[in-house]
Every structure is written in C-alpha cells, then in structure tokens.
Amino acid sequence: MAKMKYPEQIVANIPFCPGCGHGIIVRLMVECVNELGYSDKIVMHQAVGCCSLVGLGLDWEMLVGAHGGGGANATGLKRMLKDTALVIAYQGDGDAYNIGLAETLNAAYRNENITVIAVNNTNFGMTGGQMSWTTLPGQRTTTSVDGRDSKTSGMPIKVPELIANSFDTAYVARGTVTSPAEIRKTKGFIKQGLQNQIDGKGHSLIEILSPCPTNWHSNPITDSLDRIEKELIPFYYPIGELKVKGE
Amino acid sequence: MSKVIVTADLCKQCGYCERHCPKEAISFSSDFNANGFKYAVVDDDKCIACGMCYTTCPDGVFEITQ
C-alpha cells in the first residue's frame with residue numbers, strides 16, 4: 001500500500017462537527033486538485049453555511065460572496081481568470097438549492113465552465129438544522145417539528161436531475177461518503193468535474209450526500225451512515241453519474 | 001516505526017474509522033485529547049496498513065507510513 005498523508009494545503013483542523021462529511025469532501029477536493037497539477041492555480045468560491053468553516057483550515061485562494069451567490073460569483077471568477085486557474089463553487093444544499101437556486105440554475109443554463117460541488121445534508125446545518133427544500137418527508141427539523149408535511153411544503157427538490165434533464169451541461173453526478181468504496185467513487189466524480197473544466201467542456205455539478213449527525217440527532221457511526229444508505233439513496237437521491245455529455 | 005501515525009489531538013471520536021476497519025484494529029482511548037474527545041488507537045499487530053481509516057477520516061488523524 002502506498003503511503004497516505006493528509007494534504008499539506010489543509011493547515012489546521014477545520015472545526016466541523018464530529019462525523020460531518022464536509023471533512024472528507026474537502027480532503028477529496030484538495031487531493032483531486034493536487035493530482036491534476038493545479039495545487040497553486042485554484043480559486044474556491046466559499047458559500048455561506050457550514051462551508052464557510054473551510055476557510056479556517058484550508059490554504060487556498062478563496063472568495064466569499066453573498067449567500068447563494070456561488071453560481072454567479074464563480075462565473076465572474078472563471079471569466080476573469082480564464083484558463084489560468086480552476087474555479088470551484090463549494091456550496092451546501094441550503095446555499096445552492098434554496099437561497100441560490102436562481103444563480104445555480106442560471107450558471108448551469110449558460111453552461112459556464114465551472115465546477116460546482118454541492119454538499120447535501122438535507123437541512124440548513126449551520127443555523128441549527130432548519131428544514132430545507134431537500135429535507136425528506138417526515139424528517140424532523142427545528143422548523144418541521146412534527147416531520148416535514150409534503151402536502152403543504154412540497155417534495156424534496158432534485159436539482160441535479162433538473163439540470164441533467166433540462167440544460168446542455170457537461171457533467172452531473174451524485175456521490176456519497178458512507179463507505180471507502182463510495183468515497184473513492186465520489187473522488188472520481190470530483191476529478192471528472194475538474195477535468196471537464198480543464199478541457200473547457202462546461203458546467204459540472206457534483207452533489208454529495210453527507211451525514212449531519214448533529215442536526216439529525218443521530219449517532220455518527222451507526223444511524224447517520226445507515227440513514228443515507230437505507231433512506232436517502234433508495235427512495236430520493238439515487239447515486240451515480242446522471243449525465244455525461246456525449247454519451 | 002508503526003504502520004499508522006495517529007495525531008490524537010485532531011480526533012473527534014466520530015468512529016468512522018472503527019466502523020470501516022476490516023481488521024478491527026481501531027479502538028478508542030480511555031483518556032481524552034486536548035478537545036475533550038476519546039481518540040482513536042491503532043493496534044499495530046492487527047493493522048495491515050490498508051488505508052481505510054485514512055480514506056474515511058474527516059479530520060486527517062491518520063497517516064499511513066508504509
């Protein structure tokens with residue numbers, strides 16, 4: 001087995017909650033960028049939410065914009081920087097699919113040459129676990145204390161499917177971080193998304209289902225990962241590549 | 001030199017490494033690290049340096065040396 005060392009770009013312990021999937025996803029992003037040879041040519045748009053914590057430990061060039069502005073701000077960064085740097089929009093589901101839905105969809109509609117990484121934990125994590133559009137029917141949150149009632153608040157939104165089926169983008173995929181195998185598949189999705197940007201193919205969206213033990217009020221080891229495997233993936237959010245341009 | 005270097009102060013005791021270790025080589029300490037968590041401890045005799053703990057750890061606790 002080859003040696004494995006945590007990437008040196010992550011200079012401090014990022015204060016995510018114990019068992020949060022963000023830590024794994026940040027490491028995958030850094031590894032992918034390093035392997036593609038862009039370790040010093042990378043700009044990340046950092047969204048508002050739990051994603052904001054990344055700036056406390058990751059030594060990358062970053063831009064923090066208004067809540068939900070990931071698609072628009074990353075567009076501006078990419079059009080300015082052109083081929084000199086990779087641009088990643090790192091967002092949560094509350095940022096990309098609720099507050100920034102217009103920006104996310106318009107960036108995909110224009111097929112902007114950016115890579116969007118959206119971390120879906122089915123709630124607004126940083127503000128204390130409020131219901132978001134990705135919350136599952138029946139899920140208890142601080143703003144749906146009896147469980148989400150889909151008769152009055154609708155069904156969970158599936159933005160990756162929406163983009164894959166509606167717009168002429170390069171790549172849409174959904175991964176998760178529940179097991180070493182899934183983590184490696186997700187790393188492949190992220191790398192493909194970044195490679196598309198290098199090749200100038202256009203917009204890539206990678207959604208990653210992430211455990212949120214704090215706001216799901218669950219044990220990280222057992223309940224959180226099992227919830228993703230048994231509830232999220234089979235019934236609402238199927239994983240895999242949803243769209244590859246040219247196939 | 002041990003196969004896995006554990007940086008105890010980074011550990012948040014989420015237990016993903018323990019769940020995914022194929023050899024059940026990982027357990028948690030009885031004392032606490034600087035942040036108040038019980039940290040992961042690797043049994044070098046059982047460890048095969050497969051790197052599953054490195055892959056699943058959200059906080060970069062593990063470094064595989066061989």
Side-chain angles (χ1 to χ4, degrees), chain A residues 1-31 50 53-54 56-58 119 121 176-188 208 210-214 216 218-226 228-229, chain B:
Chain A
M1 193 72 216
K3 290 180 184 178
M4 293 176 167
K5 195 173 186 314
Y6 207 50
E8 62 186 16
Q9 283 82 1
I10 303 175
V11 292
N13 195 7
I14 305 173
F16 295 124
C17 302
C20 177
H22 269 290
I24 304 172
I25 298 160
V26 170
R27 193 196 79 226
L28 295 181
M29 281 198 305
V30 177
E31 284 179 352
C50 293
L53 296 170
V54 173
L56 298 173
L58 179 56
V119 181
N121 59 9
T176 183
V177 291
T178 53
S179 69
E182 294 298 341
I183 290 170
R184 285 184 185 154
K185 279 184 206 164
T186 302
K187 184 177 175 182
I208 301 166
S210 167
C212 184
T214 300
W216 295 356
S218 58
N219 181 330
I221 313 171
T222 53
D223 308 344
S224 293
L225 299 183
D226 286 350
I228 293 180
E229 285 171 353
Chain B
M1 190 174 179
S2 62
K3 296 168 189 165
V4 180
I5 297 172
V6 178
T7 313
D9 278 350
L10 297 178
C11 185
K12 293 175 186 165
Q13 204 189 345
C14 66
Y16 290 166
C17 51
E18 188 186 26
R19 171 178 167 134
H20 294 298
C21 179
K23 294 290 177 187
E24 298 180 355
I26 294 176
S27 57
F28 285 94
S29 65
S30 52
D31 56 336
F32 301 95
N33 67 11
N35 295 322
F37 296 109
K38 294 182 175 179
Y39 52 89
V41 179
V42 178
D43 183 344
D44 241 17
D45 294 336
K46 292 181 184 171
C47 179
I48 54 170
C50 64
M52 291 300 161
C53 49
Y54 172 87
T55 307
T56 53
C57 181
D59 296 292
V61 174
F62 302 100
E63 180 185 333
I64 316 294
T65 57
Q66 54 176 263

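The structure displayed is predicted, hence computed values, not measured ones. Basis for what follows: all heavy atoms, side chains included, without hydrogens, waters or symmetry-related copies. Quick note on labels: first sequence line is chain A, next is B, and so on, each numbered from 1.
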Is chain B contacted by the side chain of Glu182(A), its backbone, both, or neither, given a heavy-atom distance below 4.5 Å?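 Interface part for Glu182(A): neither.
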Interchain contact, Ile183(A) with chain B, by part (heavy-atom threshold 4.5 Å):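 It is the side chain, since no backbone atom gets that close.
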Nearest heavy-atom neighbours spanning [X] and [Y]:
X	Y	value
Thr55(B)	Arg184(A)	OG1-NH2, 3.2 Å
Asp9(B)	Asn13(A)	O-ND2, 4.4 Å
Thr65(B)	Lys3(A)	O-CE, 3.2 Å
Tyr16(B)	Pro213(A)	OH-CG, 4.3 Å

Atom CZ of Arg27(A) and atom OG1 of Thr56(B): how far apart are they, to the nearest 0.5 Å?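 Atom-to-atom, Arg27(A):CZ and Thr56(B):OG1 are 8.0 Å apart.
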Decide yes or no for Cys14(B) and Phe16(A): does some side-chain heavy atom of the first lie under 4.5 Å from some side-chain heavy atom of the second?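 Side chain of Cys14(B) against side chain of Phe16(A), heavy atoms only: no contact under 4.5 Å found.
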Kindly indicate whether the side chain of Gln13(B), heavy atoms from C-beta on, has any atom under 4.5 Å from the side chain of Pro18(A).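 Of all side-chain heavy-atom pairs linking Pro18(A) with Gln13(B), none is under 4.5 Å.
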Any side-chain to backbone donor/acceptor pair from Tyr6(A) onto Glu63(B)? Under 3.5 Å, distance only.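 No: the side chain of Tyr6(A) does not pair with the backbone of Glu63(B).
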Check: Cys20(A) main-chain N/O paired with Lys12(B) side-chain donor or acceptor under 3.5 Å: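 No; judged by distance alone, with no hydrogens or angles, the pair does not exist.
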Run the ring-ring contact (aromatic ring centres under 6.0 Å, His included) test against Phe62(B) and tell me which residues pass, sequence neighbours left out.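 ring-ring contact (aromatic ring centres under 6.0 Å, His included) list for Phe62(B), sorted by chain: empty.
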Positive for side-chain contact (heavy atoms from CB on, under 4.5 Å) with Pro58(B), one of Val26(A), Ile24(A), Ile14(A):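 So the option named by the test is Ile24(A).
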Go through the atoms of Cys11(B) and report whether side chain, backbone, both or neither lie under 4.5 Å from a heavy atom of chain A.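 Neither part.
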Contact winner vs chain B - Pro180(A), Pro7(A), Gly57(A), heavy-atom pairs under 4.5 Å: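 If we count pairs closer than 4.5 Å to chain B, Pro180(A) comes out on top.
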Between chain B and each of Gly21(A), Gly23(A), Ser179(A), count heavy-atom pairs under 4.5 Å; write down the option with the most.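 Maximum pair count with chain B is reached by Gly23(A).
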